[in-house]
Peer 1: 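The structure follows.
Note that the structure is predicted; figures quoted are calculated from it, not measured.
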Amino acid sequence: CLRQGGKKTPNLSVQRKMYCELNYNRDVRCLILCSSQEDLDVRLGFDLCAQEQDFIRKRKKVVAAALKDILQLEEDLQEDEVPVVAIMTTGGGTRALTAMYAHLLSVQELNVLDCVSYITGLSGTTWTMSNLYEDPEWSKKDLKETLNDARKHVLKNKFFTCFAPDRLKYYLKELCQREQEGHQICFTDLWGLIIETMFHEKESSHKLTDQQQALNQGQNPLPIYLSLNVKDKISDQDFREWVEFTPYEVGFPKYGTFIRAEDFGSEFFMGRLMKKIPESRICFLEGDLLLWGTIMIAQINLNNETTYKNCYSSADDETLFPARPNVLDTRVVCPTDSFSGIFRDIAMLRPAASEIHNFLKGFQMNNNYLESEFSKWKDCELDSQPNHLTAATDYLILIDTAFAFATSYPPLMRPERKVDVILHFNYSSEASKYFAKQGIPFPTKVPDDQETPHLKECYIVGDKETPETPIVIFFPLVNDTFRDYKAPGVKRSPSEMAEGDVAVANSCGPYYINNLTYSEEDFDKLVNLSYYNVQNNKDLILQALSTADCQSRNAAGNKIHCL
């Protein structure tokens, strides 16, 4: 009833009228549930969307040519022989933004960047990614110029730049316009505008869907961004649902539900687009979904939760904070005005969370709940009751992934993407223990900075494990041989030793996560260190790519040239 000839009815007033009827008319709701899924504006299914599949076919041609060159292969690789290589980055504010530029420059100069099909990021690295993808040909150009441009923004005084009177007027105007368009306004929208001012010369009209231009010929890796959907008054450690963003789609791997990227933020009901809201500029996504500052808030919340879990009710002798949301709590009853309720509100305060119109609203997911395919992607938390599923809420509550897991691995672990090699650029993270709990194939012997007293610059892990396990080239952000060498094989002179002293491990040093501005010396040191660590381990990178190439050929039934 909302489509004519396969096109949505342009009259939004009619759509709004239908929206009201669908909310209150049970017969109409049941009738639409029986309609074909082809009429839905939400894509249902766990496969990659058609646009991403088409991109991968195009990108594999670029990757095949690049691998043939750097591995000095005699024959061209066929499509089914081309390994899927990804770059995985972690959060870390300005430190992550700066180091990622240097890592990408180094990878580009090794001619490895054209071998990469995916780049994932969160928090600070999304600032780098969103800036790069404004240029449809960014990976084909010299990244030194892009790095120099970023340098200017990192060095500038953020306070005077971001809080000048003209900037404050601009923020107010933009927020008012955003509210008029139908978006939910919160603190993270303001933070997105501040980020825009921090790292750009002027206002940018760039949107997530504009990044499709950087993918239409397979000329760049596909960017994937990540966020968490959480529930009110439930710990982020106990319940979270991954939400992934590409220039094509936004969706839940858990439910197999995706919408077009341009429709994110619009109002949906039962899989139909009810009210189209203009697509957000990329700066609002950086503020709403990719907020690095929530790392600090998360630590405060976790500390509060720890304190909260140590509180006991004298009446029931039970903890006032449920251990897991999927365990029914049938004994503890706390009055809404009790001290415990107030304490819970404080402990679970999420000032950096964003409320986004829920595109799953109205879906009937509770039928055959436990027999559903929700667990097809293994990293899924099921609710304690079917009628508490995400589809029952009006809004999604989205926060930074650092609340639960400070890496951008999850999109790469989806089996549909079949990732063979991951270049892990680590600015702060852990992964092996996390995936072991989920039963997701991942290398088991990843070095841990808490357990390994002296981390090297690079490790290859997973190459001798199961065929389903990706090979991970792990680059911790450490200062190892850079102290004594200014370039691979080139020792420092006594007068150059100070340039090799980079305090990346000092929690109170210049690269502390809350530090948004660097001095020229600190910026250059971090860039030179990050660039050097990749250059100094070229042989390990080529070794991992060669191993993946042989594994892909074997899987395709072609063992020629594989030793």
Side-chain angles (χ1 to χ4, degrees), residues 48-49 52 55-56 59 63 83-93 96-97 99-101 103-104 107 112-113 115-133 138-139 208 211-212 214-215 220-228 240-253 258 261 282 285-286 289-292 295 377 379 398-432 434-435 438 440-443 446 462 470-475 477:
L48 303 179
C49 67
E52 183 172 340
F55 162 80
I56 285 296
R59 185 62 182 175
V63 173
V84 177
V85 182
I87 288 178
M88 194 290 305
T89 65
T90 63
L97 172 145
M100 185 178 181
Y101 275 117
H103 282 139
L104 289 177
V107 169
V112 173
L113 188 54
C115 301
V116 177
S117 296
Y118 291 104
I119 295 181
T120 61
L122 73 149
S123 299
T125 56
T126 62
W127 305 346
T128 302
M129 292 166 63
S130 61
N131 186 45
L132 289 172
Y133 280 88
W138 71 265
S139 68
L208 181 60
Q211 297 183 7
Q212 294 178 14
L215 307 171
N220 300 294
L222 174 70
I224 307 177
Y225 309 89
L226 197 59
S227 185
L228 281 178
R240 72 275 181 275
E241 296 174 328
W242 298 106
V243 185
E244 66 174 44
F245 298 74
T246 74
Y248 303 124
E249 284 191 322
V250 178
F252 287 87
F258 301 87
I282 197 71
L285 290 184
E286 291 176 323
L289 313 175
L290 316 164
L291 182 64
W292 72 267
I295 296 173
W377 195 60
D379 185 13
L398 299 180
I399 61 173
D400 192 315
T401 58
F403 271 108
F405 185 42
T407 73
S408 55
Y409 266 117
L412 303 178
M413 294 297 100
R414 286 180 58 189
E416 294 81 9
R417 291 202 167 101
K418 303 176 183 178
V419 175
D420 300 294
V421 181
I422 300 174
L423 277 75
H424 174 138
F425 292 121
N426 190 54
Y427 320 118
S428 60
S429 79
E430 65 177 51
S432 186
Y434 176 83
F435 287 120
Q438 314 298 332
I440 296 175
F442 193 81
V446 177
I471 299 172
V472 175
I473 312 170
F474 180 61
F475 283 91
L477 187 60

Peer 1: Evaluate the criterion side chain to side chain contact (heavy atoms under 4.5 Å, CB included) for residue pair M88 and T407; output intermediate values, then yes/no.
Peer 2: CA-CA 8 Å; M88 194 290 305; T407 73; 3.9 Å; yes
Peer 1: According to salt bridge (charged side-chain N to carboxylate O under 4.0 Å, His left out), who are the partners of E52, at least two apart in sequence or on a separate chain?
Peer 2: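 Testing E52 for salt bridge (charged side-chain N to carboxylate O under 4.0 Å, His left out), a comparison that skips the adjacent residues, returns R417.
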Peer 1: Just jot down the side-chain hydrogen bond (donor to acceptor under 3.5 Å, both in side chains) partners of S130, sequence neighbours excluded, or say none.
Peer 2: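 Expected list: E286.
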Peer 1: What distance do I87 atom CD1 and L423 atom CG have between them, rounded to the nearest 0.5 Å?
Peer 2: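 CG of L423 is found 5.5 Å from CD1 of I87.
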Peer 1: Any chance you could lay out the side chain to side chain contact (heavy atoms under 4.5 Å, CB included) test for F245 and L208, step after step, and finish with the verdict?
Peer 2: CA-CA 9 Å; F245 298 74; L208 181 60; 4.2 Å; yes
Peer 1: CG of L412 to OG of S117: how many Å apart, nearest 0.5 Å?
Peer 2: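 That separation rounds to 11.0 Å.
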Peer 1: Any chance you could lay out the side chain to side chain contact (heavy atoms under 4.5 Å, CB included) test for V85 and D420, step after step, and finish with the verdict?
Peer 2: CA-CA 6 Å; V85 182; D420 300 294; over 6 Å; no
Peer 1: Which atom pair, heavy atoms only, marks the closest approach of P470 to P443?
Peer 2: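 The answer is O-CG, 3.5 Å.
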Peer 1: Can you confirm if the aromatic rings of Y409 and F442 lie within a centre distance of less than 6.0 Å?
Peer 2: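 Between F442 and Y409, the centre distance is under 6.0 Å.
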Peer 1: Using the test side-chain contact (heavy atoms from CB on, under 4.5 Å), find all partners of I440 that sit at least two apart in sequence or belong to another chain.
Peer 2: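 With neighbours one apart ignored, the set is K378, D379, M413, F435, Q438.
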Peer 1: What distance do T89 atom OG1 and H103 atom NE2 have between them, rounded to the nearest 0.5 Å?
Peer 2: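 Reported to 0.5 Å precision, the distance equals 10.5 Å.
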Peer 1: Answer whether the closest heavy-atom distance between the side chains of L222 and I119 falls below 4.5 Å.
Peer 2: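 No, too far: nothing below the 4.5 Å cut-off.
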Peer 1: Distance from T125 atom OG1 to L97 atom CG, nearest 0.5 Å?
Peer 2: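 CG of L97 is found 8.5 Å from OG1 of T125.
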Peer 1: Please examine the side chains of I471 and I422, heavy atoms only from C-beta on, and report whether any two atoms are closer than 4.5 Å.
Peer 2: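 They are not in contact (no side-chain heavy atoms under 4.5 Å apart), so the answer is no.
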Peer 1: Going by heavy atoms in the side chains, are P410 and L226 under 4.5 Å from each other?
Peer 2: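 P410 vs L226: side chains touch.
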Peer 1: Quick one: pull up CG in L132 and CE in M100 and give me the separation to the nearest 0.5 Å.
Peer 2: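 Going from CG on L132 over to CE on M100, the span is 6.5 Å.
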Peer 1: Between Q211 and M129, is the side chain to side chain contact (heavy atoms under 4.5 Å, CB included) condition met? List the steps.
Peer 2: CA-CA 10 Å; Q211 297 183 7; M129 292 166 63; over 6 Å; no
Peer 1: Ignoring hydrogens and angles, tell me if any N or O in the side chain of N220 forms a donor-acceptor pair with the backbone of A214 under 3.5 Å.
Peer 2: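 Yes; judged by distance alone, with no hydrogens or angles, the pair exists.
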Peer 1: Taking only residues two or more places apart in sequence, or in another chain, which ones meet T120 in a side-chain hydrogen bond (donor to acceptor under 3.5 Å, both in side chains)?
Peer 2: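 With neighbours one apart ignored, the set is S408.
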Peer 1: Just by distance, do the side chain of R59 and the backbone of C115 share a donor-acceptor pair under 3.5 Å?
Peer 2: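 No: the side chain of R59 does not pair with the backbone of C115.
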Peer 1: Just wondering, do Y225 and L122 contact through their side chains at under 4.5 Å, heavy atoms?
Peer 2: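 SC-SC contact between L122 and Y225 ruled out.
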Peer 1: Any heavy-atom pair between the side chains of V84 and Y118 that's under 4.5 Å?
Peer 2: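 Yes, side chains in contact.
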Peer 1: Hey, does Y248 have a side-chain heavy atom less than 4.5 Å from the side chain of L215?
Peer 2: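 Touching, per the 4.5 Å side-chain cut-off.
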Peer 1: Taking only residues two or more places apart in sequence or in another chain, which ones pass side-chain contact (heavy atoms from CB on, under 4.5 Å) with E249?
Peer 2: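 Result, side-chain contact (heavy atoms from CB on, under 4.5 Å) vs E249: R43, C49, T246, F258.
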Peer 1: Is there a side-chain contact between N426 and F475 (heavy atoms, below 4.5 Å)?
Peer 2: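 No - every pair of side-chain heavy atoms lies 4.5 Å or more apart.
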Peer 1: Check ring-ring contact (aromatic ring centres under 6.0 Å, His included) between Y133 and all other residues, then give those that pass, not counting sequence neighbours.
Peer 2: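 Y133: ring-ring contact (aromatic ring centres under 6.0 Å, His included) contacts with W138.
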Peer 1: How long is the gap from OG1 on T126 to CG on N131, to the nearest 0.5 Å?
Peer 2: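 Taking OG1 in T126 and CG in N131, the distance rounds to 11.0 Å.
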Peer 1: For the residue pair P247 and P223, establish whether any side-chain heavy-atom pair is separated by less than 4.5 Å.
Peer 2: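 The answer is yes, as the side chains (C-beta and beyond) meet within the 4.5 Å cut-off.
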